[in-house]
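Below, chains carry the letters A, B, ... as their sequence lines are ordered, and counting in each starts from 1.
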Amino acid sequence: MPELPEVEVTRRSFASEITGAQILAAVPGKPLRWPLGCSPARLVGQRVQGVRRRGKYLLVDLSAGLLLVHLGMSGSLRFAPSLPPAGMHDHFDLVTSQGVLRLNDPRRFGAVVFAESQDAAVAQKLLGGLGLEPLSDAFTFEALRAGLRASRAPIKQVLLGGKVVVGVGNIYASEVLFLAGIRPTVAAAAIGDVRMRRLHQAISDVLALAVERGGSTLRNFSSAAGNPGHFQLAARVYGRAGAPCLACGSTIQCLKQGQRSSFFCPRCQRP
DNA sequence: AGAATGACCTGCTGGC
DNA sequence: TGCCAGCAGGTCATTC
């Protein structure tokens, strides 16, 4: 369900409450995308040392290892002192001395994976190929340009791929390309400095604003504390095929790239 | 090696 | 009203 802002808002909503807690039980439900990778008993007794984020993964640091949590397309976390019995789509509970962290994920594209350390093979497989963190100091114009210059694939696909920059999902990919005036089909390597600068700025600004606003992309999004996201970042092009462009009035178009929908304004976004 | 496809799983919407 | 096709926020493995 989440793009980066939702994952970050989720992290902030429970990181401080769970930090320092001792794990009392780990209760898996139906299979998720990947197996936990260890016996639930192995987690018991470990302490939660903090919660970080890398791309769309949450990293729950434990006294002896870490849990990689991914929300997939439809996952969400709750953290509360106690929670009712697991419902139909609750597929993982981490019971701690400070509350229960619960993953609800109807489509089960999400996962909770244990790794002995961040260098462990599982962690490397999942995190090793990830690109720049768009909200970090490392996300400079030069770094983005260097990454994009190396790929001839359409820019929309490159943004979604996560190897150059992480966290830009299907909704924000359309939005930032609109703000930068770039057609989604343009080869990444063909983007000139002017539009590249606008793209860099758009990625930084849009994601930062969305985090600030509490994760506003999703219809059903709510943080782990149960606070609903507002809908303040109205999409300029995403989901608006056939409607007039808010900037020029042209009709917003939709096309399929890699089986995902891309939305763009044919006038504001040049090939 | 990079780039395009398929796969995973469930729920909701829209058209007939 | 009911059924079915198509679509949905992600990303890894497989194929070309």
A:W34 and A:Y57 aromatic ring geometry - parallel, tilted or perpendicular at 30°/60° bounds:
parallel

Stretch residues 182-190 of chain A: residues that reach within less than 4.0 Å of DNA chain C through a heavy atom
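Correct list: empty, so none.
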
Within residues 103-110 of chain A: residues closer than 4.0 Å to DNA chain C (heavy atoms)
A:R107, A:F109

Below the 4.0 Å mark, does [N] have OP1 or OP2 next to a side-chain nitrogen or oxygen of [X]?
X: A:S261; N: C:dC7; value: no
X: A:S74; N: B:dC9; value: no
X: A:H89; N: B:dG11; value: yes

Any chain of hydrophobic side-chain contacts (each under 4.5 Å) joining A:L71 to A:F14?
yes

Looking across every strand, which nucleic acid part, if any, lies under 4.0 Å from A:K163 by heavy atom: base, sugar-phosphate, or nothing?
nothing

Select base, sugar-phosphate, or nothing to describe what A:G169 touches, counting heavy atoms under 4.0 Å on all strands.
sugar-phosphate

At what distance, to the nearest 0.5 angstrom, does CZ of A:R183 lie from CZ of A:F264?
5.0 Å

How many angstroms lie between atom CD of A:E8 and atom OG of A:S13, to the nearest 0.5 angstrom?
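Going from CD on A:E8 over to OG on A:S13, the span is 10.0 Å.
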
Return whichever of A:P31 or A:P154 has its heavy-atom-nearest nucleotide of DNA chain B closer to the 5' end.
A:P154

More than 12 foreign heavy atoms under 6.0 Å from CZ of A:R267: is that the case here?
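Not more than 12 within 6.0 Å, no.
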
Would you say the side-chain atoms of A:Q118 and A:R52 include a donor-acceptor pair closer than 3.5 Å?
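Looking only at side-chain atoms, A:R52 and A:Q118 do form a donor-acceptor pair, the distance falling under 3.5 Å.
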
Please table the atom pairs, donor to acceptor, closer than 3.5 Å between any side-chain atom in residues 15-33 of chain A and protein atoms at least two apart or in another chain.
{"unit_1": "A:T19", "atom_1": "OG1", "unit_2": "A:A15", "atom_2": "O", "d": "2.6"}
{"unit_1": "A:Q22", "atom_1": "NE2", "unit_2": "A:G45", "atom_2": "O", "d": "3.1"}

Below 3.5 Å, can you tabulate the donor-acceptor pairs from side chains in residues 161-170 of chain A to any protein atom, sequence neighbours excluded?
{"unit_1": "A:N170", "atom_1": "OD1", "unit_2": "A:K156", "atom_2": "NZ", "d": "2.8"}
{"unit_1": "A:N170", "atom_1": "ND2", "unit_2": "A:S261", "atom_2": "O", "d": "3.2"}

Geometric cation-pi criterion, A:R197 with A:F141: 6.0 Å, 45°
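Output yes; distance and angle both within limits.
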
Determine the interatomic distance between [atom1] on [N] and the same-named atom on [M]; round to the nearest Å.
N: B:dG11; M: C:dT1; atom1: P; value: 23 Å
N: B:dT5; M: C:dC7; atom1: P; value: 16 Å
N: C:dT14; M: B:dC9; atom1: P; value: 15 Å

Determine, step by step, whether A:H70 and A:F109 satisfy the ring pair (Phe, Tyr, Trp, His ring centres under 6.0 Å) criterion, reporting the C-alpha distance in whole Å, the side-chain angles of both residues, the deciding distance to 0.1 Å, and the verdict.
CA-CA 8 Å; A:H70 199 290; A:F109 282 5; over 10 Å; no

Looking only at atom types and distance, does a side-chain atom of A:Q46 sit under 3.5 Å from a main-chain N or O of A:A64, one as donor and one as acceptor?
yes

Symbol by symbol from the 5' end, with Watson-Crick or G-U pairs under 3.5 Å, [ ] crossing and | another strand, DNA chain B is .|||||||.|||||||

Indicate for each nucleotide in nucleotides 11-16 of chain C, in 5' to 3' sequence, whether protein heavy atoms under 4.0 Å reach the base (B), only the sugar-phosphate (S), or nothing (-).
BBS---

